[in-house]
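Here the structure comes first, spelled out in structure tokens, and everything after it is commentary.
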There are 6 protein chains.
Amino acid sequence: MVRAQEMARYVQSGALDAGITGHDWVVETGADVDELAELVYAKQRLARVRWVLAVPEDSAIREPCNLEGKTIATEVVQLTRQYLARFGVNARVEFSWGATEVKVPQLADAIVEVTETGSSLRANRLRIVDTVLESATVFIMNRSSASDAWKREKAENLILMLKGAIDAASKVGLLLNVRRDDLAAVLQVLPALKNPTISNLSDPDWVAVNTIIEEAVVRQLLPKLKAAKAQGIVEYPLNKIVL
Amino acid sequence: MVRAQEMARYVQSGALDAGITGHDWVVETGADVDELAELVYAKQRLARVRWVLAVPEDSAIREPCNLEGKTIATEVVQLTRQYLARFGVNARVEFSWGATEVKVPQLADAIVEVTETGSSLRANRLRIVDTVLESATVFIMNRSSASDAWKREKAENLILMLKGAIDAASKVGLLLNVRRDDLAAVLQVLPALKNPTISNLSDPDWVAVNTIIEEAVVRQLLPKLKAAKAQGIVEYPLNKIVL
Amino acid sequence: MVRAQEMARYVQSGALDAGITGHDWVVETGADVDELAELVYAKQRLARVRWVLAVPEDSAIREPCNLEGKTIATEVVQLTRQYLARFGVNARVEFSWGATEVKVPQLADAIVEVTETGSSLRANRLRIVDTVLESATVFIMNRSSASDAWKREKAENLILMLKGAIDAASKVGLLLNVRRDDLAAVLQVLPALKNPTISNLSDPDWVAVNTIIEEAVVRQLLPKLKAAKAQGIVEYPLNKIVL
Amino acid sequence: MVRAQEMARYVQSGALDAGITGHDWVVETGADVDELAELVYAKQRLARVRWVLAVPEDSAIREPCNLEGKTIATEVVQLTRQYLARFGVNARVEFSWGATEVKVPQLADAIVEVTETGSSLRANRLRIVDTVLESATVFIMNRSSASDAWKREKAENLILMLKGAIDAASKVGLLLNVRRDDLAAVLQVLPALKNPTISNLSDPDWVAVNTIIEEAVVRQLLPKLKAAKAQGIVEYPLNKIVL
Amino acid sequence: MVRAQEMARYVQSGALDAGITGHDWVVETGADVDELAELVYAKQRLARVRWVLAVPEDSAIREPCNLEGKTIATEVVQLTRQYLARFGVNARVEFSWGATEVKVPQLADAIVEVTETGSSLRANRLRIVDTVLESATVFIMNRSSASDAWKREKAENLILMLKGAIDAASKVGLLLNVRRDDLAAVLQVLPALKNPTISNLSDPDWVAVNTIIEEAVVRQLLPKLKAAKAQGIVEYPLNKIVL
Amino acid sequence: MVRAQEMARYVQSGALDAGITGHDWVVETGADVDELAELVYAKQRLARVRWVLAVPEDSAIREPCNLEGKTIATEVVQLTRQYLARFGVNARVEFSWGATEVKVPQLADAIVEVTETGSSLRANRLRIVDTVLESATVFIMNRSSASDAWKREKAENLILMLKGAIDAASKVGLLLNVRRDDLAAVLQVLPALKNPTISNLSDPDWVAVNTIIEEAVVRQLLPKLKAAKAQGIVEYPLNKIVL
């Protein structure tokens, strides 16, 4: 197993043709690889992580330029140096093995740390000054492998599979029967994103409706579908979807 | 997390708008709450539990009136007192922390204990004298919250969801193809509860049948469906159903 | 619970009407039972195990007749004796409690051991001389029970269920919509084994295709189906299939 | 196994001759038993627990008499009632299944809860109003068994053993050699509690000192003993001590 | 690691110079090895195990000769055959993989099984007919290695160590001070097995007593020693003893 | 908890007065702290670890100067740079997150890795070129704290305790009785390191010998002591020793 931190180096060197890692580590290691796709849950607030510059709540540091001459502890030394360079700031950047939050103010004036919701930072009484980098999970490929047609196609198929599984993880299938007369009312309740599949039943007065929806909205939909006279409503699990 | 024993008190006090607990604990705590729905598996022998009055196999106690002046150990002191009051019996009711079965005859003459099948009581050589209370899992709501239209609707939706999931837990979907000529024979095999969904296939001689059945009967149905010339029989899992 | 090694004896004796064990143990114990069915994954390289005669890489033993006067360690003493008898070879066969591979050359000249891929033998620097017996999981039945019509039918139904679940374990359902004009192209992509179910949709220009495929080929199929203009492709899990 | 809460009842009934439980549960259950000995670590701040009356930090309740007409949640209903009676206060006492701290102020105005250091109460922003009962672990005996000479002697022996093991748990043996000329200086360093054992060595100029000390003071003693010219200092573990 | 069942074969073959196994497996495998020492706890009821012939409680089999023509299930096939030969009895002996107790009466008429206390046999409603072999843990040595002086000495040293540790496992050290005038009374209380070590203290009126005793008798001794005016009684753990 | 890698920084900054870490991390982080003591097992082959420069077995790199222009992967970037500087070699040093062994030859030409016995390196077919640094566990102290008399004394006491416990870990106490006539023979057998404690027994013909020895030599000593007529030999465990 290769660590996320080192995957980009393995792929750049050709030891591996492709890999999955964070965009942050591609930048941190300066690896020259091809980022073919982002692998993120659509419309999800946890989709991305941020590396942020944080300081103690009562610190006088309010913006990047206040860092001049200060010490910053972080696991991403290169990312932090590039960030400081953008502002022309000179500061000491120290590599930190885990648990960076507890190092301020005694070992460092500021930290650059990864966060999803900021709650761990708040629990440590830290204040976010700025976002250094937004990052998501990416599928990366060795540049030479990426220009090999056969390998590229295999990689694209794999990405299609992975995205299909990611998309399916938060969705479910919904199957129901409804009289033709009530179909319009039922369809009005269903999310408009994609047309549901409507199939004829033996009994010409009825149709079956099959659709894919976010699992999170089932709770709102079920009572409305029942009110719209849908019958035999069945929610079933999905493995993958490619809409 | 709130214990089942205390949920009714939390809901009565308004600390929570609604909760799930046993009907027994609603009665034991004397909480004034609205029992909106029972959440039980249909046609299941484990659907309900019973609080029973039990005595050692060789005890002289044969009916409630024999309890006069005796000692009863139980976790449900109020339930037991209400039960005794019904018969005008005076007896000492002692609260018991777990493992009530081992307390007779040395610490108590009788116990009031919960049981599903009675096997634990039999293993302890106890005889059931009477049923004190039958109880099922219930969805309870604070009376004031229950008369708030918006909260009440949210509660009803949640109950619909929970019942949909409970109903689905013991059921599966069954999908099969059959020639129109053999459809009647296949339908005769399927349980009569709900009409299955019959849909037209491209080949006008064939139809597809989609139905929901108890998982427990699949074993009996599969050979019969095959004998009735069903083809491509597929059993698939369900998340929720609202028939 | 009954061990695989002893199941055939239990079934022969009538202590059990039927059981599941390896064909190897039926032969080793010499049990007179009815092998009603093999329970194996179709087209799977792990479907069967082999009991092989193995010797140290540098042993002079090249064929069964070289075993004359030698010592063989094995868990299957009877199987090994029957094998030697076939070649008219006299050798000492010693029962071995587990870990037979480490017993050559100090405690034995050869071993008879079970293997799927041979990798454990290679890791112990052993060379396979011959296959003594191929074995698969079998459903066995007491001969007298097997001639009882009612018991036989229950056994056959159980076999149908088990095979249905085994077949489903490596397969998934695939559902997609396609314009009638593109149907031929889509069908050409799908495996030819079984005709997929094609159903009419409300929109007369479209049909839905429902089919069962090996999960292992989904990776190859998804991009091709997309290229053939299939839409709303959904992969869903299966419990059992009887095609 | 018998729960601490119910041990006193078992011993009172004669189901057990003797047992170990908390003094609090003897009082709560009103059991008439003989408390033969307290089993506590000498000079230990954790030796005893306290049941305290506690209220939310901002509660108006300042003393027991403020409880008139209030609701108190507790696991020790009888203890609490006896406490209230002492002050002539009428209040509703409700049995609480665990986690009493979270019940104020919504389900109760005050609680009676057990505490060692009070830290859990502070963490829940509760204020201690009064101590209801101090309690320690006690060895209890059935009154009739306690007057049986043979049983009583066995119980006294057991108590001696238990106290010996409890006393040993926090102590260690210390063995050292010292010249007779330096003995006085070494003895001055050792705790004065018990005279250490001083034995003659073959070399008439030297003696050996063997003593039992609290493990917690070894850290302070070792450097001082070395400074006082003790040699060959050895700390060894103990199982039991009866000084 | 070598299994107990196969150790004797490894030692006989010279693959190992020496090993520890049960005497039973030496006999069962017919291995020609030197049993240098038994490794058993002195005066311990668990010191030895027995292989016994057992039958269902209601079996007509009362003595070995009743086994003629019967089937016996056992893990020790050779031991059982040798036992039957002693009585000139012909019976079928079947190797059994574990859980032999459950095989009677359906798969066998009798079993030969290992037991310490017989409780597992009783729990399975089996009756012991006869003891087939008593067995203890033994230290075995390859005959050729045992006649090599250097190897033999190392083995004897190892046996001394092992016995020293086994003897120490159930014993403890006891150290106490006593006035010379009370010494006789104290010594009378101590077990007579080995003379305790009595050493002079600086104070000529006092002596120290150091002795090794069974941990199981500490409970009886402590009160008596105290009564005999022993002081500063300390029980300490032991690693090994060679008395 | 502070990681070994960062302890020296915490101590240098004064966040902690003292700590325990490896000498290697003191050097790597360049922390200016006082190394008060090494905490190592005397005469133990595992006492120290080595950071070594290693290359693939078949690499052309034979000495440090061959590294010119090469890439080196390591967790100790500064240590490695200082080492290269000593030889005036220019090479690229890359930080490696764990599992450095697997990075040659694809991601690096050489590695600097920690090793105790070299076995992990050999298992990865690596050859050691040179030792970069030897390191042991050290007790470090903040320079300012170390010159505070009170803190310094507490630190020295703690070191005495730690060394006492480390020394005791591999040692045991040995107690035996011997006739005065045989004392010389017994003393000759005991290691000469420290004079054992010889005490007079009540019986003037006997003495008791108490000594501390390495547990590893007990096996050799026991038979010799017995041969020299020592009696009542007892081995007992130690917690700490300060000889």
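Treat the numbers as computed from the prediction; the structure is a model and nothing was measured.
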#### Entry: Interchain contact, Leu183(E) with chain F, by part (heavy-atom threshold 4.5 Å)
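Contact with chain F involves no heavy atom of Leu183(E) at all.
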
### Query
Under a 4.5 Å heavy-atom cut-off, does chain F meet the side chain of Val207(E), its backbone, both or neither?
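For Val207(E), side-chain heavy atoms alone lie under 4.5 Å from chain F.
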
### Query
Shortest non-hydrogen contact from Pro237(F) to Pro237(E)?
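Shortest heavy-atom contact: CD-O, 3.3 Å.
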
### Query
Of all residues at least two apart in sequence or in a different chain, which pass the side chain to side chain contact (heavy atoms under 4.5 Å, CB included) check with Ala54(F)?
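Ala54(F) satisfies side chain to side chain contact (heavy atoms under 4.5 Å, CB included) with Ile111(F), Leu121(F), Leu126(F) once adjacent residues are dropped.
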
### Message
Using heavy-atom distances under 4.5 Å, tell me whether Val172(F) contacts chain E through its side chain, its backbone, both, or neither.
### Response
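Only the side chain of Val172(F) comes within 4.5 Å of chain E.
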
### Point-to-point distance, once rounded to the nearest 0.5 Å, from CG of Leu160(E) to CG of Leu225(F)
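If I round to the nearest 0.5 Å, the distance is 10.0 Å.
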
### Message
Checking Leu222(F) against Val242(E) for the side-chain contact (heavy atoms from CB on, under 4.5 Å) test, could you report, in this order, the C-alpha distance in whole Å, the side-chain angles of both residues, the deciding distance, and whether it holds?
### Response
CA-CA 8 Å; Leu222(F) 276 194; Val242(E) 180; 3.8 Å; yes

Distance-only check: which donor-acceptor pairs of chain E and chain F lie under 3.5 Å?
{"unit_1": "Thr197(E)", "atom_1": "OG1", "unit_2": "Asn177(F)", "atom_2": "OD1", "d": "3.4"}
{"unit_1": "Thr197(E)", "atom_1": "OG1", "unit_2": "Asn177(F)", "atom_2": "ND2", "d": "2.5"}
{"unit_1": "Ile198(E)", "atom_1": "O", "unit_2": "Ser202(F)", "atom_2": "N", "d": "2.6"}
{"unit_1": "Asn200(E)", "atom_1": "N", "unit_2": "Asn200(F)", "atom_2": "O", "d": "3.4"}
{"unit_1": "Asn239(E)", "atom_1": "N", "unit_2": "Glu235(F)", "atom_2": "O", "d": "2.7"}
{"unit_1": "Asn239(E)", "atom_1": "ND2", "unit_2": "Glu235(F)", "atom_2": "OE2", "d": "2.9"}
{"unit_1": "Lys240(E)", "atom_1": "N", "unit_2": "Glu235(F)", "atom_2": "O", "d": "3.3"}
{"unit_1": "Lys240(E)", "atom_1": "O", "unit_2": "Glu235(F)", "atom_2": "N", "d": "2.8"}
{"unit_1": "Lys240(E)", "atom_1": "NZ", "unit_2": "Glu235(F)", "atom_2": "OE1", "d": "2.5"}
{"unit_1": "Lys240(E)", "atom_1": "NZ", "unit_2": "Glu235(F)", "atom_2": "OE2", "d": "3.2"}
{"unit_1": "Val242(E)", "atom_1": "N", "unit_2": "Ile233(F)", "atom_2": "O", "d": "2.8"}
{"unit_1": "Val242(E)", "atom_1": "O", "unit_2": "Ile233(F)", "atom_2": "N", "d": "2.8"}

### Query
What option among Ile233(F), Leu176(F), Leu174(F) has the most heavy-atom pairs under 4.5 Å with chain E?
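Highest number of pairs under 4.5 Å: Ile233(F).
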
